[in-house]
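These notes are about the structure you will find just below.
The chain is numbered in sequence order, starting from 1.
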Amino acid sequence: AVDDVGTKYLVDFAATGFGQQIALPILRRTAEGKNGKVSRADALACLKECLKLLFYRDCRAANKFQVADATDGNVVISEPFSVETEWEFEGFSFAKTAIIR
């Protein structure tokens with residue numbers, strides 16, 4: 001990876017912007033103790049967890065994603081999908097949280 005002033009460094013995972021604060025710790029936790037041998041299923045579950053958290057915390061995000069698998073000489077792009085969300089928590093009720101009534 002290269003930072004904003006051109007310094008080159010080696011990392012196992014890289015993220016930018018909001019993903020650097022929210023998703024990077026989840027990516028590291030998923031790979032912890034696995035010596036870089038994360039299965040595709042575990043990696044996809046981790047990615048969906050990261051996307052879900054980022055979607056919840058970004059008021060301008062869209063809940064529509066695609067995943068690209070790049071292997072030796074082959075790139076496969078998934079169909080668009082959405083992550084499952086839950087907005088029915090009691091604390092999300094406007095009537096209970098509104099300052100002005």
Side-chain angles (χ1 to χ4, degrees):
V2 178
D3 68 10
D4 58 346
V5 293
T7 306
K8 178 181 165 187
Y9 58 98
L10 182 64
V11 293
D12 292 327
F13 304 100
T16 60
F18 207 32
Q20 193 170 16
Q21 282 104 34
I22 303 291
L24 205 51
I26 298 167
L27 294 169
R28 289 179 180 144
R29 184 187 69 214
T30 299
E32 194 173 75
K34 296 183 181 175
N35 297 327
K37 305 288 185 195
V38 178
S39 70
R40 185 186 186 286
D42 287 346
L44 191 56
C46 174
L47 178 65
K48 287 181 178 180
E49 180 182 354
C50 291
L51 292 172
K52 181 178 179 177
L53 288 172
L54 290 166
F55 173 68
Y56 275 141
R57 286 160 177 79
D58 188 347
C59 63
R60 287 172 249 149
N63 188 11
K64 190 69 78 172
F65 308 98
Q66 287 181 283
V67 174
D69 282 323
T71 58
D72 294 334
N74 191 23
V75 176
V76 178
I77 300 175
S78 75
E79 292 295 319
F81 66 92
S82 299
V83 292
E84 291 184 32
T85 58
E86 175 62 57
W87 297 101
E88 300 302 318
F89 295 115
E90 187 176 332
F92 292 164
S93 172
F94 180 76
K96 293 183 180 182
T97 59
I99 297 171
I100 302 170
R101 295 186 192 244

Hydrophobic cluster partners of Leu24 (side-chain heavy atoms under 4.5 Å):
Phe13, Leu27
Quick one: list whatever passes side chain to side chain donor-acceptor pair (under 3.5 Å) with Thr16, sequence neighbours left out.
none
Under the side chain to side chain donor-acceptor pair (under 3.5 Å) test, residues paired with Asp58 that sit two or more places apart:
none
Do Tyr56 and Glu86 touch side chain to side chain, with heavy atoms closer than 4.5 Å?
yes
Answer yes or no: does atom CG of Asn35 have more than 12 heavy-atom neighbours from other residues, nucleotides or ligands under 6.0 Å?
no
Output the distance between atom CZ (Arg28) and atom CD (Glu32), rounded to the nearest 0.5 Å.
11.0 Å
What's the shortest heavy-atom distance between Ala62 and Phe65, and which atoms?
O-CZ, 3.7 Å
Test side chain to side chain contact (heavy atoms under 4.5 Å, CB included) applied to Leu10 - qualifying residues, sequence neighbours left out
none
May I ask you to list the residues sharing a hydrophobic cluster with Leu54, side-chain cutoff 4.5 Å, ordered by chain and number?
Phe18, Ile22, Ile26, Leu53
So, for Ala31 and Val38, which heavy atoms are closest and what is the spacing to 0.1 Å?
CA-CG2, 3.9 Å
Any pair counted as salt bridge (charged side-chain N to carboxylate O under 4.0 Å, His left out), so long as it reaches residues 7-18, sequence neighbours left out:
none
Val67 to Phe81 - nearest heavy-atom pair and separation
CG2-CE2, 3.5 Å
Just wondering, more than 12 heavy atoms not from Gln66 lying within 6.0 Å of its CD?
yes
The criterion is side chain to side chain donor-acceptor pair (under 3.5 Å); which residues satisfy it with Thr71, sequence neighbours excluded?
none
With sequence neighbours excluded, residues passing side chain to side chain contact (heavy atoms under 4.5 Å, CB included) with Lys64:
Pro80, Ser82
On a heavy-atom basis, which atom in Val83 and which in Leu51 lie closest, and how many Å separate them?
CG1-CB, 4.3 Å
Glu49: partners by side chain to side chain donor-acceptor pair (under 3.5 Å), with sequence neighbours left out
Arg29
For Glu79, all residues meeting side chain to side chain contact (heavy atoms under 4.5 Å, CB included), sequence neighbours excluded
none
Scan the side chains in residues 40-47 for donor-acceptor partners under 3.5 Å anywhere in the protein, sequence neighbours excluded, and list what turns up.
{"from": "Arg40", "atom 1": "NE", "to": "Asp69", "atom 2": "OD2", "distance (Å)": "3.2"}
{"from": "Arg40", "atom 1": "NH2", "to": "Asp69", "atom 2": "OD2", "distance (Å)": "2.5"}
{"from": "Asp42", "atom 1": "OD2", "to": "Ser39", "atom 2": "OG", "distance (Å)": "3.3"}

